[in-house]
Amino acid sequence: MAQEDIFKKIIAHSKEYGFIFQSSEIYDGLSAVYDYGQYGAELKNNIKKYWWDSMVKLHENIVGIDSAIFMHPTVWKASGHVGAFNDPLIDNKDSKKRYRADVLIEEYMAKIEAKIQKEVDKAASKYGDSFDEEQFKSTNQRVLENVQKYNEVKNRFVKALENDDLADLKAIIEEAEIVCPISGSKNWTDVRQFNLMFETQLGSVSEDASSIYLRPETAQGIFVNYLNVQKTGRMKIPFGIAQIGKAFRNEIVARQFIFRMREFEQMEMQFFVRPGEEMKWFEEWKAIRLKWHHAMGFDTNKYRYHDHDKLAHYANAATDIEFEFPFGFKELEGIHSRTDFDLSQHQEYCGKKIQYFDPELNKNYVPYVVETSVGLDRTFLAILSTSYTEETVEQENGKTDERVVLKIPAFLAPVKVAILPLLKKDGLPEKAREILNDLKFDMNCIYEEKDSIGKRYRRQDAIGTPFCVTIDHDSLESNTVTLRDRDTMEQQRIPIEKLKEIVNDKISYANIFKKIC
Ligand code: GAP
């Protein structure tokens, strides 16, 4: 099945089973804004816990804060967001649709890359084991032409971005004959800069009101609290401050479901280091963060690093951890060496010293910063899309059945255990509730007695519940239950007294953390 169709199914599934709803759906929705439903909110909370604990619990020198969304407007002048947090936009005059000029060019480059890969794949399957990819790429005429085309566009594109040369961005689009996907025309406006911050008013009377912004990143809430935390926590460099919270961006191209939203959540950590040591820490944090992603247990080939060609105004090195979403490899997390840019800027704009006295060096300095910044919603999408599995299941009577199962890592699953009395009578519900009342203090459980047991299993598979516990007549006699595993569908009979221990071991965060320490 085409990836596009699978993605549509994932979106439909997440709505049908209470993970994600379009915001204000009864009023026809609000573009690129989403609400998390009953299972979505649980999964999101579990991801947050995984990230928060991996930062704050596992590192003695990292603490967490929760700063306000509203901040003094000067923060955004100092950070550079008022002047430079822009995307280059272009309109198609026929369809009246607005695009990001850089995205149009990147998509064009991705198409050239795909053409090169197609030639390589074709030759690889033709020549089998004797295929030499390097030799093929350096001699095949079509590949050479496409590589040259790709490099020419890329070099020019990077230069245009570096120089803010909007006229050249338009020229690249025109010369590459990029068409609007809606109208199919090449009738483009000039490229203009568009600031992504949402502006609003603080104050009850409009004359007294002053303009403020909804924060476009959580990081600045950390920088403006650097001194507070360093002093009150008696933190010694190197140390980190972590934060999870909402961020807002008026994205021009808001699509691909929760991949690019106008209101989203970030999990960010700023690590303050000695000037000159930032590259060592940058490499360290790249490795730590990739390990965190890998520990969830998905195919490690789905993750890759992507070094930035164009560095943001504040960075001297930057890498993305990309994930293979159903629509291709895209940014999941950014790791940036932000130098002393932010703290120095705030020092200048607020007129107060923001420095650290290093007792070992016996001097004051503005610390350098290595940032890790991962999108909560993108992590959610990575988990959801990779967990979504359609399977054909052999039944005992020889017939086959289809099931959709979310193979969410057990420790992150919204519901850990479904408690299912086989019948609604004979004392089975009472026994089942006894078990529920014991487990509910340790984990999120569901109790269900409606429908056949098969239907109930399918419903739990669809929301990713790793374990189903079935209570039957034998349970009353022998104090045992059947424990069904979501992924293998195998069932084992176990004593009720062992249930909590067995499940706790499978859903434990500690077991995952041991892999990354
Ligand atoms: N403080 C640095 C910063 O904000 P960024 O690369 O712009 O860097 C960090 O954003 C992460 O936030 C991204 O890797 C992505 O996961 C997430 N993110 C950014 N914009 C987003 C959007 N519009 N919707 C959902 N997630 C987004």
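Just follow the structure's listing: the first ligand is 1, and inside any ligand the first atom is 1.
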Show me which atoms of ligand 1 lie under 4.0 Å from any heavy atom of [X].
X: E333; answer: 14 (O)
X: R338; answer: 1 (N), 2 (C)
X: G334; answer: 14 (O)
X: E268; answer: 1 (N), 2 (C), 3 (C), 4 (O)

Can you tell me if [X] contacts ligand 1 (heavy atom of the residue under 4.0 Å from the ligand)?
X: Q270; result: no
X: L332; result: yes
X: R262; result: no

Do Q243 and E268 have a side chain donor and acceptor closer than 3.5 Å?
no

Checking contacts here: is it the side chain or the backbone of M267 that comes within 4.0 Å of ligand 1, counting heavy atoms only? Could be both or neither.
neither

If you apply the rule ring pair (Phe, Tyr, Trp, His ring centres under 6.0 Å), what do you find for W188 with Y99, and how did you get there?
CA-CA 10 Å; W188 298 108; Y99 299 91; 5.7 Å; yes

Can you give each donor-acceptor pair under 3.5 Å made by side-chain atoms of residues 27-35, sequence neighbours left out, with the distance rounded to 0.1 Å?
| unit_1 | atom_1 | unit_2 | atom_2 | d |
| --- | --- | --- | --- | --- |
| S31 | OG | R262 | NH1 | 3.2 |

Nearest heavy-atom pair of W76 and R215: which atoms, and what distance?
CZ2-CB, 3.4 Å

Heavy-atom distance to atom 5 (P) of ligand 1: which of E371, E217, R249, R215 wins?
R249

Decide whether an N or O pair under 3.5 Å exists between V374 and ligand 1.
no

Are any of the N or O atoms of D377 closer than 3.5 Å to those of ligand 1?
no

Salt-bridge contact R403-E390 (side-chain N to carboxylate O under 4.0 Å):
no

Taking only Lys NZ, Arg NE, NH1 and NH2, and the carboxylate oxygens of Asp or Glu, determine whether D91 and K97 approach each other closer than 4.0 Å.
no

Counting distance only, does the side-chain N/O of K416 pair as donor-acceptor with the main-chain N or O of F411 below 3.5 Å?
yes

Cation-pi check, R289 to W285: give yes when NZ or CZ is under 6.0 Å from the six-membered ring centre and within 45° of the ring axis, no otherwise.
no

